[in-house]
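First the structure, in the form of structure tokens, and then the observations on it.
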Amino acid sequence: MRTDVFKDFDLESFRFEDKNYLTCLIDEFEHYEMKRAIEKAKVGVDLSDCDEEDKIEFEAICLDSKEKLFKVVDKIDKNTLVAFDTETTGLDTKTDKMVGFSFATDNEKAYYVPIAHSYLGVTDQVDIDDAIEAIKVILKAKVVGQNLKFDLSLLYNQYGIEEVVPFADTMIMAWLLNAGSKVGLDALAKKFFNYEMKPFKELVKKGETFANVDIESATFYASEDAWMTFMLYGALDRAMSLASIDHLKEEAKNVEYPFINVLIAMERRGIKLDIEKLKSLQDMLSKRVEELTKEIYELCGSEFNIKSTQQLGVVLFQHLGLKGGKKTKTGYSTNEKVLNSLKNEHEVIPKILEYRSTQKLLSTYAQPLLKLAKKDKQNRIYTSFLQTGTATGRLSSKDPNLQNIPVRSELGRSVREAFIAKEGYKLLSIDYSQIELRLLAHFSKDKALMESFKQGLDIHMATAIKLFGEEEAEAKRSYAKSVNFGILYGMGAKKLSDELGITSKEAKEIIKAYFEAFPTIKSFLEKIQEDVKKIGYVETILKRRRFFDYENATGMQKASFLRESVNTVFQGSAADLIKLSMLEAESYLKEEQIDGAMLLQIHDELIFEVKEEIVQEVSLKLKYIMENIMVLEVPLVCSVSLGDSWGELK
DNA sequence: TGTGATAGCTCG
DNA sequence: GTACGAGCTATCACAC
């Protein structure tokens with residue numbers, strides 16, 4: 001049993017309010033030694049009065065004049081811990097306005113500063129210029145927030161505030177503590193303090209904004225947010241220590257908090273779309289959908305909603321009498337795989353497949369992107385990156401999601417062609433080649449795999465040679481590729497056989513051959529699984545953790561956890577590396593005053609927009625940064641490509 | 001009219 | 001009953 005977990009564990013130091021932290025830790029952490037330690041500790045703490053202690057309260061104070069505001073703000077200096085939050089008319093930090101802001105410097109009270117409430121009979125408010133002055137003072141202190149990317153983005157975009165690195169962000173702290181848990185303020189308040197936050201919906205009726213809320217109600221709501229953020233900072237900071245993950249405080253400080261500003265900058269830049277191209281694509285897709293609709297009705301002998309899987313199932317498997325097993329909860333399965341297997345059974349099937357893909361491009365990509373691009377003067381669209389959106393550490397992108405723009409089909413790529421560089425600039429793409437397999441080589445130190453990467457071989461071909469011999473390797477390269485992916489996903493023989501269209505027995509033999517060829521990979525994967533079983537978590541290369549409640553899981557969950565844990569090591573570590581690269585790339589471009597900028601991240605790829613004359617030179621520098629971001633047991637290799645549109649790249 | 005579940009499809 | 005991680009669109013059933 002490890003003992004370092006107990007190192008800082010001091011029974012005497014627990015206070016009553018720790019009860020909730022402890023409960024939370026017991027519930028949320030599947031760190032078994034930790035759990036036992038906490039349970040021991042609970043015995044030593046008198047919890048009999050805890051119900052009383054649970055009722056936490058605060059005082060909400062409205063600062064509705066310059067004098068009142070600065071009387072409080074003047075006491076703030078650079079060492080003051082301040083929780084800060086803004087209230088706005090909406091969620092778009094480019095256009096929506098600040099209605100007020102709140103802050104707290106202790107766990108007993110919080111202040112609200114009304115700025116732009118707008119309703120009949122509205123009382124005193126603070127002038128926006130005075131409010132900005134106060135905010136500047138607050139941002140010079142140790143500022144803590146819940147999702148500060150939003151507040152800072154608003155302040156940078158519209159209120160002339162200069163870039164600051166936050167002292168802490170409770171959403172990110174909660175995510176680092178447990179990436180699988182809910183990280184919203186309401187959920188955290190409930191979890192750590194058993195406290196119910198006032199729901200936003202009760203305050204703002206539909207069709208209205210925060211500006212319509214009366215200042216008295218707003219004062220309570222906004223102050224509550226700042227106060228709870230202040231409280232949570234303390235709780236999360238302590239929870240991190242209790243869970244013996246103080247090193248993640250450093251990771252947060254060095255990586256995650258500066259990274260907030262990288263994301264804000266990318267979100268603000270957006271990426272340009274070719275409106276004409278998108279328009280003609282949209283027209284073409286619409287016409288094709290119309291044609292296909294008619295043809296499908298004719299071939300089926302009836303009109304129905306092709307988009308409805310239920311109706312389609314009835315038509316195909318009852319009216320037309322095609323053979324299809326009931327597979328879903330609601331009826332027949334009609335997914336691409338099923339339809340592909342019926343391709344030769346009826347001539348309508350290929351039409352439906354084409355209808356599906358065309359309709360997808362139209363409704364998910366062409367139409368919404370065109371609509372967004374038209375709204376912007378420069379025809380640029382702006383995504384929102386989520387820093388705490390995944391369990392592994394990857395980013396996600398939404399509204400719109402720019403991480404799943406089509407590339408695999410030819411027609412799909414035409415959507416990508418609508419993403420263009422602005423006049424005089426080029427789009428530059430640099431992507432990590434096989435980063436997850438390189439991490440597998442790095443972690444496992446498998447001689448054969450390391451050697452393949454050091455020699456710069458085609459890794460799937462090298463695997464194929466190992467598995468099937470020189471002669472068959474070429475023909476079976478795709479098998480090897482599937483196996484390599486499968487390894488990273490924690491595959492079983494069943495899925496591999498499905499994937500390759502071979503028997504389960506053959507798949508088993510391939511897997512067996514793989515582990516014989518790469519014995520240290522086998523033992524490394526087993527080590528990961530042992531960790532999950534014994535200590536309940538796995539770690540990425542930056543020591544971020546993902547927890548699994550293996551002990552209390554059902555059989556099926558246990559199997560899932562083992563696969564997820566294996567994948568997390570590779571996917572999460574890859575996410576760590578590209579995050580570091582993005583920080584480096586951003587500071588290089590800024591410090592060297594390069595006429596170019598980072599626009600998008602798609603997991604293992606970065607997209608830049610760079611002035612034409614210097615793009616070659618800049619691409620080399622960026623490639624160098626990415627390839628040398630960390631020294632591993634194998635080289636990191638990036639491939640570079642550039643063009644006028646995203647569709648041309650790669 | 002809004003919401004949550006389901007099915008399907010897009011990407012790395 | 002098992003390949004990982006995401007987000008968006010549309011339908012459908014149900015509640016208000």
Side-chain angles (χ1 to χ4, degrees), chain A residues 179-180 201 206-207 304-313 327-339 352-353 355-369 383-386 388-409 411-413 415-416 431-436 482-500 504 507 511 525 538 546 553-575 578 600-606 646 650:
Chain A
K201 276 189 177 174
K206 56 185 172 187
F304 61 100
N305 187 348
I306 308 167
K307 295 193 208 78
S308 162
T309 49
Q310 281 182 40
Q311 293 180 39
L312 181 65
K327 275 180 76 180
T328 64
K329 287 177 186 174
T330 49
Y332 301 100
S333 172
T334 67
N335 66 24
E336 193 180 357
K337 211 176 155 188
V338 170
L339 294 184
I352 292 169
L353 282 163
Y355 175 92
R356 281 252 177 94
S357 59
T358 313
Q359 173 64 28
K360 177 78 178 175
L361 291 178
L362 183 64
S363 67
T364 306
Y365 299 103
Q367 284 173 344
L369 291 176
T383 186
S384 177
F385 288 107
L386 305 188
T388 58
T390 68
T392 57
R394 273 188 175 182
L395 294 178
S396 72
S397 156
K398 67 166 190 178
D399 304 329
N401 181 357
L402 296 185
Q403 290 181 321
N404 71 345
I405 301 302
V407 66
R408 289 170 193 169
S409 78
L411 196 56
R413 262 195 299 280
V415 175
R416 235 169 230 237
D431 74 290
Y432 278 109
S433 155
Q434 306 293 358
I435 188 165
E436 292 184 12
S482 281
V483 175
N484 278 333
F485 272 105
I487 291 290
L488 300 172
Y489 294 159
M491 70 174 165
K494 177 93 167 46
K495 183 64 193 180
L496 183 67
S497 59
D498 274 6
E499 196 71 23
L500 297 177
S504 183
I511 294 172
L525 297 181
V538 295
R546 181 173 175 189
T554 65
M556 208 162 89
Q557 284 173 325
K558 279 189 165 85
S560 265
F561 287 169
L562 293 178
R563 291 195 303 272
E564 288 165 9
S565 61
V566 166
N567 180 252
T568 296
V569 174
F570 306 114
Q571 192 185 113
S573 298
I578 198 161
L600 296 176
Q601 184 247 50
I602 308 100
H603 308 307
D604 60 0
E605 174 187 17
L606 297 177
W646 194 2
K650 270 189 191 175

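By convention in this document, chain letters (A, B, ...) are assigned in the order of the sequence lines, proteins followed by strands, and residues within each chain are numbered from 1.
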Discussion item. Is N305(A) close enough to dT11(C) that one of its side-chain N or O atoms is under 4.0 Å from OP1 or OP2 there?
Written reply: yes
Discussion item. What's E436(A) touching, base or sugar-phosphate or nothing? Going by heavy atoms closer than 4.0 Å.
Written reply: nothing
Item to complete: Pick base, sugar-phosphate or nothing for E564(A), based on heavy-atom distances below 4.0 Å to the nucleic acid.
Response: sugar-phosphate
Worksheet item: So what does G486(A) hit on the nucleic acid, given a heavy-atom distance under 4.0 Å: a base, only sugar-phosphate, or nothing?
Response: base
Worksheet item: Within the structure shown, what part of the strands sits under 4.0 Å from L488(A) by heavy-atom distance: base, sugar-phosphate, or nothing?
Response: nothing
Item to complete: Find the distance between CG (L562(A)) and CG (L525(A)) and round it off to the nearest 0.5 Å.
Response: 11.0 Å
Practice prompt. Check every strand shown and say whether Q311(A) touches a base, only sugar-phosphate, or nothing at a heavy-atom separation below 4.0 Å.
Written response: sugar-phosphate
Discussion item. Is a donor from one side chain sitting under 3.5 angstrom from an acceptor on the other, for T334(A) and R356(A)?
Written reply: yes
Discussion item. By nearest atom, which of the nucleotides dC8(C), dG12(B), dG1(C) is closest to the H603(A) side chain?
Written reply: dG12(B)
Practice prompt. Spell out yes or no: do the side chain of R563(A) and the base of dG5(C) have one donor N/O and one acceptor N/O closer than 3.5 Å?
Written response: no
Worksheet item: Does atom NZ of K398(A) have more than 12 heavy-atom neighbours, drawn from other residues, nucleotides or ligands, at distances under 6.0 Å?
Response: no
Worksheet item: When we call it a touch if two heavy atoms are under 4.0 Å apart, what does T364(A) touch: a base, just sugar-phosphate, or nothing?
Response: sugar-phosphate
Discussion item. When you measure from the side-chain N and O atoms of T328(A) to the phosphate of dA7(B), is any distance below 4.0 Å, counting only OP1 and OP2?
Written reply: yes
Worksheet entry | Side chain of K307(A) - closest among dG5(C), dG12(B), dA10(C) | dA10(C)
Worksheet item: Would you say dC8(C) has OP1 or OP2 under 4.0 Å from some side-chain N or O of S363(A)?
Response: no
Worksheet item: Hey, does the side chain of K329(A) come within less than 4.0 Å of dT6(B)'s phosphate (OP1/OP2), counting only N and O?
Response: yes
Practice prompt. For N404(A), report the nucleic acid contact type (base, sugar-phosphate, nothing); a contact means any heavy atom under 4.0 Å.
Written response: base
Worksheet item: What does V566(A) touch in the nucleic acid at a heavy-atom separation under 4.0 angstrom: a base, only the sugar-phosphate, or nothing?
Response: nothing
Fill in: Contact under 4.0 Å: K201(A) side-chain N or O vs dT3(B) OP1/OP2
yes
Item to complete: Examine the base of dG8(B) for any acceptor or donor lying under 3.5 Å from a partner atom in the side chain of R356(A), and report the outcome as yes or no.
Response: no
Fill in: Step-by-step side chain to side chain donor-acceptor pair (under 3.5 Å) determination, Q571(A) to T392(A)
CA-CA 7 Å; Q571(A) 192 185 113; T392(A) 57; 2.7 Å; yes
Discussion item. Side chain of N567(A), heavy atoms from C-beta onward: which of dT10(B), dG5(C), dA3(C) has the nearest atom to it?
Written reply: dG5(C)
Item to complete: Name the nucleic acid region contacted by K337(A), choosing base, sugar-phosphate or nothing; use a 4.0 angstrom heavy-atom cut-off, strictly under.
Response: nothing
Discussion item. So T568(A), base contact, sugar-phosphate only, or nothing? Heavy-atom distance under 4.0 Å.
Written reply: nothing
Practice prompt. Show the numbers, then the answer: is there a side-chain contact (heavy atoms from CB on, under 4.5 Å) between R546(A) and E564(A)?
Written response: CA-CA 10 Å; R546(A) 181 173 175 189; E564(A) 288 165 9; 3.5 Å; yes
Discussion item. Of the options dG7(C), dG5(C), dG1(C), whose atoms approach the side-chain atoms of Q571(A) most closely?
Written reply: dG5(C)
Practice prompt. Using a cut-off of strictly less than 4.0 Å, decide whether S308(A) has a side-chain nitrogen or oxygen near OP1 or OP2 of dC12(C).
Written response: yes
Worksheet entry | Out of dC9(B), dC4(C), dC11(B), whichever nucleotide has its closest atom nearest the side chain of Y489(A) | dC4(C)
Item to complete: For D399(A), answer base if it contacts any base atom (sugar-phosphate contacts may also be present), sugar-phosphate if it contacts only those atoms, and nothing otherwise; contact means non-hydrogen atoms under 4.0 Å.
Response: sugar-phosphate
Discussion item. Would you say R394(A) places a side-chain N or O within less than 4.0 Å of OP1 or OP2 belonging to dG12(B)?
Written reply: no
Worksheet item: If you look at every strand shown and take non-hydrogen atoms under 4.0 Å, does A575(A) touch a base, only sugar-phosphate, or nothing?
Response: nothing
Discussion item. I'd like the P distance from dG8(B) over to dT2(C), given in whole Å.
Written reply: 15 Å
Fill in: Sugar-phosphate, base or nothing in reach of F485(A), heavy atoms under 4.0 Å
base
Practice prompt. Among the candidates dA7(B), dC9(B), dG12(B), find the nucleotide nearest to the side-chain atoms of N335(A).
Written response: dC9(B)
Item to complete: Determine whether the side chains of T383(A) and S397(A) contain a donor N or O and an acceptor N or O closer than 3.5 Å.
Response: yes
Worksheet item: For L386(A), which contact category applies under a 4.0 Å heavy-atom criterion: base, sugar-phosphate, or nothing?
Response: sugar-phosphate
